[in-house]
Amino acid sequence: MTAVRSYDAVVVGSGPNGFAAAICVAQAGRSVLMMEGRDTVGGGVRSEALTLPGFVHDSCAAIFPLSVASPFLGSLPLEKFGLEWLHAPYPLAHPLDNGQAVLAERSLPATARRLAGDGKAYQGLLQPFLQDWPRFAKDLLGPLPLPPGAPLTFGRFAASALWPARRLAQTLFRQPEARALFAGLAAHAMLDLNQLATSAFGIVIALTVHQVGWPLPRRGAQSLSDALTAYFTHLGGEIITGQWVRRLEDLPPARAILFDLTPRQLLQILGERLPPGYRRALQRYRYGMGVFKIDYALDGPVPWQAPECAQAAALHLGGSMEEIASSERLVSRGRIPPNPFVLVAQHTPFDPSRAPVGKHTLWAYCHVPHASPVDMTAAVEAQIERFAPGFRERVLARHVRRPAEMEAYNPNYVGGDINGGIQDLRQLYTRPALRRNPYATPLPGVYLCSSATPPGGGVHGMCGYHAAQAVLRRELRG
Ligand SMILES: Cc1cc2nc3c(=O)[nH]c(=O)nc-3n(C[C@H](O)[C@H](O)[C@H](O)COP(=O)(O)OP(=O)(O)OC[C@H]3O[C@@H](n4cnc5c(N)ncnc54)[C@H](O)[C@@H]3O)c2cc1C
């Protein structure tokens, strides 16, 4: 009989937060095992051949500013382990019905110049945070900072960030271009833009454009996870794939367990072991709207009406601020919007390795009500056609994932919610429950490290980093 090996830490789930937690503990010289249910690692950072041979599609995340801007992931030597970041000439384009597009350039002044009458207000909103980014990013990407490391900047941020995005845009900007741009950025919140604190998302997502650009990994998202794997195993970490953890007994002995999962799965795995108060808090945890995703194999590049759109890594398709706000409001109320807000990423113009010669891929998703079964293909394609007439004729194949399929693909996407839980003012810093240390559960040695902890969704790894810090401090000292 072979003895089961024990570890300092076991991490369940290999998303970016699982990797960040595992790497952080391994960097401290501790033994770490990562266990992943699927046959490949990466969580929301994977690529797959979803359509035709030779076409590489990013299964979930496609644009990675938060990885580069992250105080932890951004500090790792991933380029030495095979990762190469690529940049499109423009991080983001927001086409409008007049045939023109609002362009967000990496340079803040250059973007401000494009916004003409609203340029000064746009630059004035963002400049103070960019100047103080290294300290401010640490405050932003973690549990509620008490006291903040950059108190003046954080206070200034809170003063604007607490506003509903629609109101802030109406107050600051006079022209439809800047308003539309800000609404598209804020819509990453996946909330009604009339809700308090939705401006926070607009500001933070805009800051990433101007701080680091919107990079994409050469050969697809999977190459980020592959680089994380290579670095983690270089540090001595071990990985097991193809093993879903359903009970605590599925794990080898460890001094600490970090779950890269959301409250619903934690409840299934730990059940009655959790004290009733904490269990009830997890049962009350709220999941938000879902996504409906389409990946395309295309016969040629997208025929964007505004030529600059062909030079952008990502596009926000939703038209004016009013239209985007109304679409997000409908979705937040459980209704299907006739003109959904569509987020698009185009990789192949800047990374031809992802498709056969002369062919292209397109990545698109829209927000839909939680767990909605409605087929949004026609609505998504109508939005693309609106700004790229003739698009449909270029489609060679498409692959669709509705919320239920997103959840089947990754159980963390409950009802299609890609943020591991709704990110409104009530739940952003109190995820998964109101506790002094949100990463620790009441069970000794058991931690949560997924996007269901602060600072929430996105490929920044900071949930994993903070959870690992707590583990190193509390469980693995000495
Ligand atoms: C369509 C889509 C587009 C997105 N676009 C972007 C983007 O462009 N940029 C960006 O920054 N973010 C984006 N995101 C969000 C980002 O992918 C997530 O916020 C991020 O992946 C969360 O990381 P995580 O480590 O918390 O969890 P996940 O990445 O969800 O990883 C969890 C892992 O745990 C595994 N797992 C689950 N249950 C078990 C179990 N019981 N046993 C073993 N393993 C288990 C899963 O298979 C998965 O590998 C997108 C997400 C989606 C779905």
Side-chain angles (χ1 to χ4, degrees), residues 10-22 34-46 57-70 73 91-92 141 188 190 204-205 208 214-217 221 224-225 228 239-248 250-251 257-262 264-270 290-295 313-314 343-345 347 363-368 401-403 405-414 416-421 423 431 448-465 467:
V10 171
V11 176
V12 179
S14 68
N17 284 311
F19 264 113
M34 176 183 269
M35 295 177 70
E36 166 58 46
R38 293 192 74 84
D39 291 336
T40 57
V41 294
V45 185
R46 289 195 181 103
H57 303 276
D58 286 349
S59 327
C60 304
I63 304 280
F64 295 87
L66 289 169
S67 312
V68 179
S70 160
L73 283 189
L92 172 69
L141 296 174
H188 284 252
M190 299 181 72
V204 171
I205 303 288
T208 66
W214 279 13
L216 33 128
L224 171 55
S225 294
L228 288 165
I239 300 177
I240 296 178
T241 55
Q243 206 158 310
W244 293 101
V245 173
R246 312 221 183 267
R247 305 167 311 146
L248 218 43
D250 295 339
L251 302 174
I257 303 165
L258 296 107
F259 287 102
D260 186 15
L261 311 180
T262 79
R264 185 169 299 179
Q265 297 124 287
L266 204 65
L267 281 165
Q268 283 158 2
I269 293 170
L270 299 176
V291 302
F292 181 98
K293 180 165 184 275
I294 313 182
D295 285 285
L343 297 94
V344 166
H347 300 107
W363 169 106
Y365 74 83
C366 71
H367 299 157
V368 291
R401 274 191 181 129
R402 298 160 206 244
E405 286 141 1
M406 293 301 305
E407 187 174 335
Y409 174 71
N410 179 348
N412 279 22
Y413 301 146
V414 177
D417 178 350
I418 64 174
N419 292 316
Q423 304 194 129
R431 54 210 291 119
L448 203 63
C449 69
S450 73
S451 59
T453 59
V459 182
H460 42 64
M462 292 305 288
C463 312
Y465 167 81

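Counting starts at 1 for both ligands and their atoms, in listed order.
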Over all atoms of both residues, closest heavy-atom pair of G15 and D260: N-OD2, 3.0 Å

Residue and atom name of the nearest protein heavy atom (relative to atom 15 (C) of ligand 1), distance in Å to one decimal: I418 O, 4.0 Å

Distance from atom 31 (O) of ligand 1 to nearest protein heavy atom, with residue and atom: G15 CA, 3.2 Å

Ligand-residue contact atoms, ligand 1 with A62, heavy atoms, under 4.0 Å: 7 (C), 8 (O)

Structural part of M406 in contact with ligand 1, heavy atom criterion under 4.0 angstrom: side chain

Within-shell test, S14 vs ligand 1, heavy atom, strictly < 4.0 Å: yes

Those atoms of ligand 1 less than 4.0 Å from some heavy atom in G457: 19 (O)

Region of N412 engaging ligand 1 - heavy atom pairs below 4.0 Å: side chain

Ligand 1 contact on W363 by region, counting heavy-atom pairs under 4.0 Å: side chain

Heavy-atom donor-acceptor pair, H347 side chain to A62 backbone, under 3.5 Å: yes

Subset of ligand 1 atoms that lie under 4.0 Å from at least one heavy atom of G18: 25 (O)

L261 and ligand 1 - part of the residue with a heavy-atom distance under 4.0 Å: side chain

Of L66, V204, L141, the residue whose pairing with P455 passes side-chain contact (heavy atoms from CB on, under 4.5 Å): L141

Nearest neighbour in protein (non-hydrogen) for atom 30 (O) of ligand 1: N410 ND2, 2.8 Å

Contact with ligand 1 for R401, non-hydrogen, under 4.0 angstrom: no

Residue portion contacting ligand 1 (non-hydrogen atoms closer than 4.0 Å) for V41: neither

Any T40 side-chain heavy atom under 4.5 Å of T241 side chain: no

Shortest protein heavy-atom distance from atom 44 (N) of ligand 1, along with the residue and atom involved: G37 N, 3.0 Å

S450 neighbourhood, listing ligand 1 atoms whose heavy-atom distance to it stays under 4.0 Å: 26 (O)

Heavy-atom nearest neighbour in the protein, as seen from atom 34 (O) of ligand 1, with distance rounded to 0.1 Å: G13 CA, 3.2 Å

Residue S451 vicinity, atoms of ligand 1 by number, heavy atom under 4.0 Å: 26 (O)

From A313, A21, A61 - option closest to atom 4 (C) of ligand 1 by heavy atom: A61

Atom 29 (O) of ligand 1: nearest protein contact (heavy atom, Å): G44 N, 2.7 Å

Qualifying residues under side chain to side chain contact (heavy atoms under 4.5 Å, CB included), relative to A69, sequence neighbours excluded: W133, V212

S59-ligand 1 polar pair, N/O distance under 3.5 Å: no

Main-chain N/O of C463 paired to N17 side chain as donor or acceptor, under 3.5 Å: yes

Main-chain N/O of Y409 paired with R38 side-chain donor or acceptor, under 3.5 Å: yes

Closest contact, heavy atoms only, V245 versus M35: CG2-CE, 4.0 Å

Minimum-distance protein heavy atom relative to atom 9 (N) of ligand 1: I63 O, 2.8 Å

Distance-minimising heavy-atom pair for G44 and P16: N-CD, 4.4 Å

W363 (side chain) donor-acceptor with L343 (main chain) under 3.5 angstrom: no

Stepwise side chain to side chain contact (heavy atoms under 4.5 Å, CB included) check, V459 with S67: CA-CA 6 Å; V459 182; S67 312; 3.3 Å; yes

Atoms of ligand 1 close to V12 [distance to a heavy atom under 4.0 angstrom, numbered from 1]: 42 (N), 43 (C)

Any N or O of C449 closer than 3.5 Å to N or O of ligand 1: no

Side-chain (S70) to main-chain (H460) donor-acceptor, under 3.5 angstrom: yes

I269 vs D250 side-chain heavy atoms within contact, under 4.5 Å: no

N or O contact, P411 vs ligand 1, cut-off under 3.5 Å: no

From the candidates Y365, Y413, W244, the one that places a heavy atom nearest atom 40 (C) of ligand 1: W244

Spacing of K293 atom NZ and S59 atom OG [to the nearest 0.5 Å]: 6.0 Å

Nearest option to atom 1 (C) of ligand 1, as decided by whichever heavy atom of Q265, K293, R264, M35 sits closest: K293

Any N419 heavy atom less than 4.0 Å from ligand 1: no

Residue pair G18 / C449: nearest heavy atoms and the distance that separates them: CA-SG, 4.3 Å

Smallest separation among heavy atoms of F19 and S225, with atom names: CZ-O, 4.1 Å

Identity and distance of the protein heavy atom lying nearest atom 42 (N) of ligand 1: V245 N, 2.9 Å

Salt bridge (Lys or Arg N to Asp or Glu O under 4.0 Å) involving R264 - partner list, sequence neighbours excluded: none

Short N or O distance, G43 and ligand 1, threshold 3.5 Å exclusive: yes

Per-residue contact class, N17 against ligand 1 - non-hydrogen pairs under 4.0 Å: both

Closest to atom 47 (O) of ligand 1 (judged by heavy-atom distance), picking from E36, R246, R247, R38: E36

Test item, C463 contacting ligand 1 (heavy atom, 4.0 angstrom): no

Under 3.5 Å: N/O of G458 near N/O of ligand 1: yes

R46 contact mode with ligand 1 (heavy-atom cut-off under 4.0 Å): side chain

Parallel, tilted or perpendicular: rings of H367 and Y365 (30°, 60°): tilted

Shortest non-hydrogen contact between L270 and L248, atoms and distance: CD2-CD1, 3.6 Å

